[in-house]
Amino acid sequence: MKKTIVLLAAALFFINLSAQEKFTDSRDGNSYRTVTVAGVTWMAENLKYIVPGSEKNYFDNDPNNAHSYGVLYDWKTAVKACPDGWRLPSGEEFRTLAGNFEVDEAWAGKGSGPVSFDIRLGGMQDHEGTFTEMDESAYFWTATEYNDNEAEYFSYIVLNSHPVVDVSRESDVQDIHGSEKINKYSVRCVKN
């Protein structure tokens with residue numbers, strides 16, 4: 001009976017996930033692995049596209065970091081950074097992703113397995129221009145706007161060797177600086 005329950009749980013997990021494929025962005029030739037979770041196809045790598053007319057924001061201002069960590073975007077640039085047929089995910093889509101993607105190895109795993117989202121702990125650039133939290137956390141913009149100055153973001157933070165995933169809440173805006181649209185975070189796009 002116990003074996004049957006384990007097999008059933010594994011089957012349900014894999015029904016919500018499908019094998020990774022590749023998407024090539026025709027704007028710059030960068031290729032991205034994708035993974036489908038709960039019917040939504042996500043880029044399984046951070047976006048590397050430089051939006052024309054925007055700043056080139058690489059982690060620690062080092063263009064060599066773009067290959068591994070992608071590019072950092074302020075919120076207004078993030079909203080228009082995804083290629084045609086793709087878009088910035090909502091906070092609700094990140095919540096669904098987190099609810100269907102609870103295996104620790106799946107978040108950080110690389111390769112061709114069906115459960116690899118490949119979170120890169122590239123940190124962020126805060127509202128004062130300081131790069132922080134490299135190899136400790138990852139932040140991703142969502143399309144959900146709070147007001148003219150703040151928007152929702154998804155965070156993945158490693159505490160005591162365990163990942164903590166969260167989507168910011170508008171009620172916390174007065175207590176934190178993380179939701180300011182001038183911060184620079186990573187982008188993962190979802191397919192329309």
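All residue numbers refer to positions in the sequence shown, counting from 1.
Contacts classified as salt bridge (Lys or Arg N to Asp or Glu O under 4.0 Å) and involving residues 57-74 (residues at least two apart or in different chains) are not found.
For the pair T144 and G91, the tightest heavy-atom approach, listed with the atom from each and the gap, is OG1-N, 3.1 Å. Residue S137 comes nearest to I157 through the heavy atom pair CB-CG1, 3.8 Å, listed as atom of the first residue, atom of the second, then distance. In terms of heavy-atom proximity, V35 sits nearest to A44 at CG1-CB, 4.2 Å. Between P83 and F23 the shortest heavy-atom distance is CG-CE2, 3.6 Å. The two residues T142 and S90 come nearest to each other via the heavy atoms CB-C, 3.8 Å.
Considering only heavy atoms from C-beta on, S186 comes within 4.5 Å of F59 through its side chain. Using a 4.5 Å heavy-atom cutoff, the side chains of C189 and W42 are not in contact. No side-chain heavy atom of M43 sits under 4.5 Å from any side-chain heavy atom of R33. With a 4.5 Å cut-off on side-chain heavy atoms, K184 and Y73 do not count as touching. Annotation: side chain of L72 is not in contact with side chain of Y58 (no heavy-atom distance under 4.5 Å). Residues L121 and E136 have side chains not in contact (no heavy-atom distance under 4.5 Å, counting atoms from C-beta outward). At least one side-chain heavy atom of K48 sits less than 4.5 Å from a side-chain heavy atom of N30. In this structure, the side chains of M124 and D126 come closer than 4.5 Å at one or more pairs of heavy atoms.
If you take NZ on K80 and OH on Y49, they are separated by 10.5 Å, rounding to the nearest 0.5 Å. Going from atom CG of N46 over to atom CG of N65 covers 11.5 Å, rounded to the nearest 0.5 Å. How far CD of E128 is from CG of N183: 9.5 Å, rounded to the nearest 0.5 Å. Between the CD1 atom of I182 and the CG atom of N149 there is a distance of 8.5 Å, given to the nearest 0.5 Å. Atom CD of E92 and atom CG of L97 lie 11.5 Å apart (nearest 0.5 Å). Residue H127 holds its NE2 atom at 10.5 Å from OG of S179, rounded to the nearest 0.5 Å.
Salt-bridge formation is not detected for the pair R188/E93: no Lys NZ or Arg NE/NH1/NH2 atom is positioned less than 4.0 Å from an Asp or Glu carboxylate oxygen.
A donor-acceptor pair shorter than 3.5 Å can be found between the side chains of S31 and T24. Side-chain contact, T41 with T36: a donor N or O sits under 3.5 Å from an acceptor N or O. Side-chain contact annotation: Y185 with Q125, donor-acceptor N/O pair under 3.5 Å absent.
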Apply the test side-chain contact (heavy atoms from CB on, under 4.5 Å) to residues E150 and W75: give CA-CA distance (whole Å), side-chain angles for both, the deciding distance (0.1 Å), then the verdict.
-> CA-CA 9 Å; E150 292 149 334; W75 186 83; over 6 Å; no
Determine, step by step, whether E145 and E152 satisfy the side-chain contact (heavy atoms from CB on, under 4.5 Å) criterion, reporting the C-alpha distance in whole Å, the side-chain angles of both residues, the deciding distance to 0.1 Å, and the verdict.
-> CA-CA 6 Å; E145 209 173 355; E152 190 175 55; over 6 Å; no
Output, in order, the C-alpha distance, side-chain angles, deciding distance and verdict of side-chain contact (heavy atoms from CB on, under 4.5 Å) for I50 and K56.
-> CA-CA 6 Å; I50 302 293; K56 296 177 184 175; 3.8 Å; yes
Criterion side-chain contact (heavy atoms from CB on, under 4.5 Å) on V190 and R87, from CA distance to verdict | CA-CA 5 Å; V190 293; R87 62 181 168 70; 3.3 Å; yes
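Using cut-offs of 30° and 60° for the angle between ring planes, the F94 and F154 rings count as parallel. Between W141 and Y153, the ring-plane angle classifies as perpendicular under the 30° and 60° cut-offs.
Residues Y156 and V40 fall within the same hydrophobic cluster, defined by Ile, Leu, Val, Met, Phe, Trp and Tyr side chains chained together at heavy-atom separations under 4.5 Å.
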